[in-house]
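What you see below is based on every heavy atom in this structure, not just the backbone, and it leaves out hydrogens, waters and symmetry mates. Counting begins at 1 with the first residue of the sequence. In each ligand, atom 1 is the first atom listed, and ligand 1 is the first ligand listed.
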Amino acid sequence: MAEYTLSVSVRLGLEGVCADELRRQGLGDVRAENGRVLCTADAHGIARANLNLRTGERVLLRLGRFDCPDFDALYNGAAALPWAELLPRDAAFPVRGRCLDSKLTSEQRCAAVIRAAVGDALGAKYGLERLPETGAVYQIRFFVFKDVMELCLDTSGEGLHKRGYRALGVAAPLRETLAAGMVLLSRYHGKGAFRDPFCGSGTIPIEAALIAKNRAPGLERTFAAQKWAFLPTQVWLDEAERAMDLEYDGTYDILGSDIDPAAVALARDNAVKAGVEDLVRFRQADALTFRPEGPEGRVVTNPPYGERISDKVEAEELYAQFGRLWRQAPPGWSLFLLTSHTEFERVFGQNAAKKRKLYNGMLKCDLFQYRSGEQKKR
Ligand SMILES: C[S@@+](CC[C@H](N)C(=O)[O-])C[C@H]1O[C@@H](n2cnc3c(N)ncnc32)[C@H](O)[C@@H]1O
């Protein structure tokens with residue numbers, strides 16, 4: 001079976017987590033870089049990565065990488081790639097991408113040149129002057145950085161954060177890939193209590209349930225590459241079956257709560273859509289009545305940030321009170337709290353044992369990590 005190089009795009013800060021995921025899935029030669037993870041895979045590996053990755057945003061199949069100081073180099077480099085071996089006569093091949101820190105700066109012109117090169121290659125192979133582009137979509141993605149061009153095919157189609165469980169029209173929910181990353185960083189795999197006292201639409205507890213159950217997040221959706229002629233249909237069926245065989249049948253102590261009853265209703269609805277309603281509980285509660293109980297537990301949460309000045313004082317008051325509550329937690333508990341507030345530790349009243357920079361959309365945040373009983377007060 002042919003071997004490919006995959007480039008998995010990932011949020012800044014989650015590269016290491018995504019690399020671990022790929023290794024656990026048995027993919028080869030895994031290397032984390034800024035904003036992406038590279039690995040090698042055959043057709044099974046492409047299906048496996050798409051179906052199973054929790055933190056990856058997209059799985060790209062890298063076709064080529066070449067020096068690209070000008071448009072001639074771009075045309076020649078693109079034309080030399082094996083488009084005609086991979087794309088059928090009716091393939092649709094839109095092109096999009098990014099130029100960063102390079103002589104080529106017009107993304108539109110780069111896309112046009114790449115389209116011309118691919119169109120010429122396919123036209124020559126199929127003896128057509130006009131290509132119909134009525135078939136499966138082979139989205140071409142380019143990325144030129146410091147004059148080195150990379151050309152890829154997007155195997156995922158819609159971003160992998162789209163698991164298929166999220167209701168539409170939710171205000172400011174956390175991306176599923178980021179929520180899953182927070183849960184994986186907390187090392188929750190189903191043991192002990194799991195709590196999110198600011199659960200909103202329930203993304204963190206739902207991702208925790210999928211992780212506890214070892215349910216592949218991509219089983220409820222489709223991927224662009226499922227329609228590609230050069231990847232056998234059977235690999236997708238085999239990989240879906242493999243993923244289902246690896247699911248656990250357990251019960252877990254996962255609880256999400258929120259002060260807003262509408263958010264709680266939405267979270268319950270999302271849990272049903274994700275097929276984990278029997279594994280997660282949701283209830284309406286003020287986080288300031290939250291009490292960690294039992295011998296072992298994790299709180300993984302994303303409270304309001306107070307980004308607008310008018311909300312800042314309120315958010316700070318909430319953090320201060322939540323800090324006092326946290327310091328009463330019994331031994332064996334840990335807290336992973338995501339916020340963009342730059343003075344969080346001061347307001348919370350305690351230095352974090354660890355923090356990790358993560359991006360929530362364009363917003364720079366930190367994931368503050370605490371263990372109960374470590375009272376490093378500020
Ligand atoms: C940033 S959102 C959480 C988003 C969530 N992670 C998601 O994916 O939808 C913060 C949530 O905290 C809730 N909240 C604000 N104050 C609260 C309080 N005192 N107790 C519990 N929840 C509160 C809000 O209703 C909101 O849903």
Give the atom numbers and elements of ligand 1 that come within less than 4.0 Å of a heavy atom of D286. 18 (C), 19 (N), 20 (N)
Short N-O contact, E15 and R31, less than 4.0 angstrom: no
Using a 4.0 Å heavy-atom threshold (strictly under), name the region of L288 that reaches ligand 1: side chain, backbone, both or neither. neither
Proximal atoms of ligand 1 relative to S201 (non-hydrogen, under 4.0 Å): 7 (C), 8 (O), 9 (O)
With sequence neighbours excluded, give me every ring-ring contact (aromatic ring centres under 6.0 Å, His included) pair touching residues 204-237. Y138-W228, F223-W236, W228-F230
Check: R166 N/O within less than 3.5 Å of ligand 1 N/O: no
Answer yes or no: is there an ion pair linking E21 with R24, defined by an N-O contact shorter than 4.0 Å? no
Per atom 2 (S) of ligand 1, closest listed option by heavy atom (N360, T301, L178, N302): N302
Which of the numbered atoms in ligand 1 are below 4.0 angstrom from a heavy atom of G200? 5 (C), 9 (O), 27 (O)
Kindly determine whether D147 and K103 satisfy salt bridge (charged side-chain N to carboxylate O under 4.0 Å, His left out), including the steps that lead there. CA-CA 6 Å; D147 299 327; K103 292 190 194 76; 2.9 Å; yes
Run the side-chain contact (heavy atoms from CB on, under 4.5 Å) test against L255 and tell me which residues pass, sequence neighbours left out. R195, R281, R283
Sub-6.0 Å ring centroid separation between F198 and F322: yes
N/O separation below 3.5 Å, I259 to ligand 1: yes
With the threshold set at 4.0 Å, does a side-chain nitrogen-carboxylate oxygen contact exist between R141 and E150? no
Look at the rings of Y319 and F344 and say which category their plane angle falls in: under 30° parallel, 30 to 60° tilted, over 60° perpendicular. perpendicular
Report yes or no: does D258 have a heavy atom closer than 4.0 Å to ligand 1? yes
Is there at least one pair of N or O atoms, one from S257 and one from ligand 1, spaced under 3.5 Å apart? no
Considering both backbone and side-chain atoms of G202, is one of its nitrogen or oxygen atoms within less than 3.5 Å of a nitrogen or oxygen in ligand 1? no
Considering the heavy atoms of T203, write down every atom of ligand 1 situated less than 4.0 Å from one of them. 7 (C), 8 (O), 9 (O)
From R215, E207, R221, E220, residue fulfilling side chain to side chain contact (heavy atoms under 4.5 Å, CB included) relative to R163: E207
Taking only non-hydrogen atoms of L318 and a 4.0 Å limit, the atoms of ligand 1 in range are 16 (N), 19 (N)
Are the charged groups of R96 and E107 less than 4.0 angstrom apart, N to O? no
So, regarding F198 and ligand 1 (criterion: nitrogen or oxygen to nitrogen or oxygen, under 3.5 Å), is there a contact or not? no
Using a strict threshold of under 4.0 Å (side-chain N to carboxylate O), is an ion pair present between K146 and D101? yes
Flag D260 as yes when one of its N or O atoms lies below 3.5 Å from any N or O atom of ligand 1, and as no otherwise. no
Proximity winner for atom 5 (C) of ligand 1, if only heavy atoms of A262, P261, P197, C199 are counted: C199
Within a distance under 4.0 Å of any heavy atom of A285, pick out the atoms of ligand 1 and give their elements. 20 (N), 21 (C)
Element-labelled atoms of ligand 1 that are located less than 4.0 Å from some non-hydrogen atom of P304: 10 (C), 12 (O), 15 (C)
Is A267 close enough to touch ligand 1? Criterion: a residue heavy atom under 4.0 Å from a ligand atom. no
